[in-house]
Amino acid sequence: MKNIVITGSTRGIGLCMAREFLLAGCSVTLSGRSKNSGEAVLHSLAEFKDRILYVACNVSVKTELETLWLESAKKWGRIDIWINNAGQNCPNEFVTDTAEEYIDRVIDTNIKGMVFGSRIAAQYMLKQGAGQIWNMEGLGSNNMIIKKTVLYGMSKHALTYFTKGLAKELEGTQVTAGRLSPGMMLTDFITKTPDGEKSSAVQEKAFKSIFNILADKPETVAAFFIPRMLANKKNNAQIMWLTNAKTMFRFLTAGLRKRRLL
């Protein structure tokens with residue numbers, strides 16, 4: 001089976017993907033910013049103790065990303081799939097009101113962390129002869145603009161452009177780059193601010209209405225993603241959970257379905 005590295009995998013979709021890969025028989029390196037997070041994560045996956053590794057990694061630090069690769073490769077021998085999942089959100093407010101520290105965090109994590117993570121993975125995968133790189137899309141990847149989410153959306157728009165470009169540069173090799181499109185998910189990333197407070201967005205009636213129609217639990221999305229990643233052989237692939245057809249169906253049947261995630 002394959003060996004996997006997932007950045008930002010101490011909770012949410014990252015942790016759910018790790019569990020699905022483990023259930024599929026893979027070995028997985030999990031990572032998060034804090035060394036302290038590792039103990040809790042490893043404990044939650046204790047049943048897979050022989051196939052898991054935790055490496056603390058702040059993706060905004062290039063040397064830590066390289067250490068993540070090297071420690072994982074040392075443990076598993078090679079890395080078949082590298083997933084840039086680590087992300088940073090912003091307070092739900094206008095750009096003009098957003099503190100510079102949040103702007104820096106979004107750029108450092110969602111853009112620079114993703115770029116350097118992809119670059120390091122591509123360099124080593126080219127040397128080992130093959131591998132898959134996956135980047136996590138989000139609001140903004142499809143050009144949609146929603147007020148008070150502009151900074152986050154900008155970072156995901158950049159991610160999509162970069163990943164398509166990287167795939168083009170990898171043409172003719174056995175290394176591929178692709179995108180994961182999860183849609184809306186019930187995670188702390190949506191429901192809380194970067195500081196752990198309840199997000200003002202989830203208190204808005206219009207947001208709750210849309211969220212309850214379109215959102216899913218991360219476990220559901222992860223179970224959809226993993227078999228498709230493991231089977232993928234295509235460069236510049238996009239694995240999309242919330243397709244246009246699915247979105248339309250949910251809106252048309254919203255009155256008949258009782259979905260209350262928020």
Side-chain angles (χ1 to χ4, degrees), residues 1-61 64-89 109 113-114 117-118 120-121 124-125 131-138 178 180-192 196 215-232 239 241 261:
M1 253 316 154
K2 295 184 178 180
N3 304 315
I4 320 296
V5 174
I6 310 173
T7 69
S9 46
T10 60
R11 59 183 180 175
I13 184 67
L15 181 57
C16 291
M17 288 193 297
R19 179 172 287 278
E20 287 296 325
F21 275 122
L22 290 164
L23 289 171
C26 300
S27 298
V28 180
T29 299
L30 301 101
S31 72
R33 290 185 180 220
S34 170
K35 290 182 179 180
N36 296 331
S37 300
E39 186 175 342
V41 170
L42 294 177
H43 179 74
S44 71
L45 298 171
E47 62 194 286
F48 307 106
K49 61 181 181 179
D50 295 331
R51 291 188 283 116
I52 54 176
L53 172 69
Y54 180 85
V55 179
C57 177
N58 180 343
V59 300
S60 67
V61 181
E64 293 191 19
L65 279 165
E66 184 143 26
T67 297
L68 177 59
W69 175 281
L70 293 174
E71 289 294 319
S72 301
K74 180 180 178 181
K75 176 71 172 180
W76 311 124
R78 62 179 284 123
I79 304 303
D80 300 294
I81 297 177
W82 175 287
I83 303 172
N84 288 306
N85 174 67
Q88 175 69 49
N89 64 347
T109 301
M114 177 273 303
S118 298
I120 288 167
Y124 282 106
M125 285 178 175
Q132 299 180 43
I133 301 164
W134 294 94
N135 291 328
M136 188 69 70
E137 291 188 315
L180 302 172
S181 183
M184 301 178 73
M185 292 181 294
L186 181 63
T187 67
D188 288 350
F189 201 83
I190 292 291
T191 62
K192 294 183 179 181
D216 292 280
K217 293 181 179 180
E219 296 89 342
T220 302
V221 181
F224 177 83
F225 278 163
I226 272 55
R228 288 161 178 79
M229 274 189 273
L230 291 173
N232 181 70
I239 302 177
W241 164 249
L261 296 179

Identified side-chain contact (heavy atoms from CB on, under 4.5 Å) counterpart of [X] within the set [options]:
{"X": "I13", "options": "K217, E219, M185", "result": "M185"}
{"X": "T29", "options": "I52, T7, L53", "result": "L53"}
{"X": "M17", "options": "L22, L30, V221, L180", "result": "L180"}

When rounded to the nearest 0.5 angstrom, what is the spacing between [atom1] in [X] and [atom2] in [Y]?
{"X": "L45", "Y": "L23", "atom1": "CG", "atom2": "CG", "result": "9.5 Å"}
{"X": "E20", "Y": "L15", "atom1": "CD", "atom2": "CG", "result": "11.0 Å"}
{"X": "L42", "Y": "K49", "atom1": "CG", "atom2": "NZ", "result": "12.0 Å"}
{"X": "E64", "Y": "R33", "atom1": "CD", "atom2": "CZ", "result": "9.5 Å"}

For a 4.5 angstrom cut-off between non-hydrogen side-chain atoms, does [X] reach [Y]?
{"X": "L230", "Y": "K2", "answer": "yes"}
{"X": "N84", "Y": "S118", "answer": "yes"}
{"X": "N232", "Y": "M229", "answer": "no"}
{"X": "W82", "Y": "M125", "answer": "yes"}
{"X": "W76", "Y": "I4", "answer": "no"}
{"X": "F225", "Y": "I83", "answer": "no"}
{"X": "I81", "Y": "I6", "answer": "no"}
{"X": "P182", "Y": "M136", "answer": "yes"}

Step through the shown structure and confirm whether more than 12 heavy atoms of other residues, nucleotides or ligands are within 6.0 Å of CD on E39. no
Ignoring hydrogens and geometry, is there a side-chain-to-backbone donor-acceptor pair from [X] to [Y] under 3.5 Å?
{"X": "D80", "Y": "N3", "value": "yes"}
{"X": "S9", "Y": "S31", "value": "yes"}
{"X": "R51", "Y": "C26", "value": "yes"}

* To do: With side chain to side chain contact (heavy atoms under 4.5 Å, CB included) as the test, would you mind laying out the steps for R78 and Y124 before giving the verdict?
  => CA-CA 9 Å; R78 62 179 284 123; Y124 282 106; over 6 Å; no
- Where do I79 and W69 land on the side chain to side chain contact (heavy atoms under 4.5 Å, CB included) test, with the steps shown first? CA-CA 8 Å; I79 304 303; W69 175 281; 3.5 Å; yes
Do you know the tightest heavy-atom contact between T10 and S37?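 What the structure gives for the nearest pair is CG2-CB, 3.9 Å.
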### Message
Classify the ring geometry of W241 against F224: parallel below 30°, tilted from 30° to 60°, perpendicular beyond 60°.
### Response
perpendicular
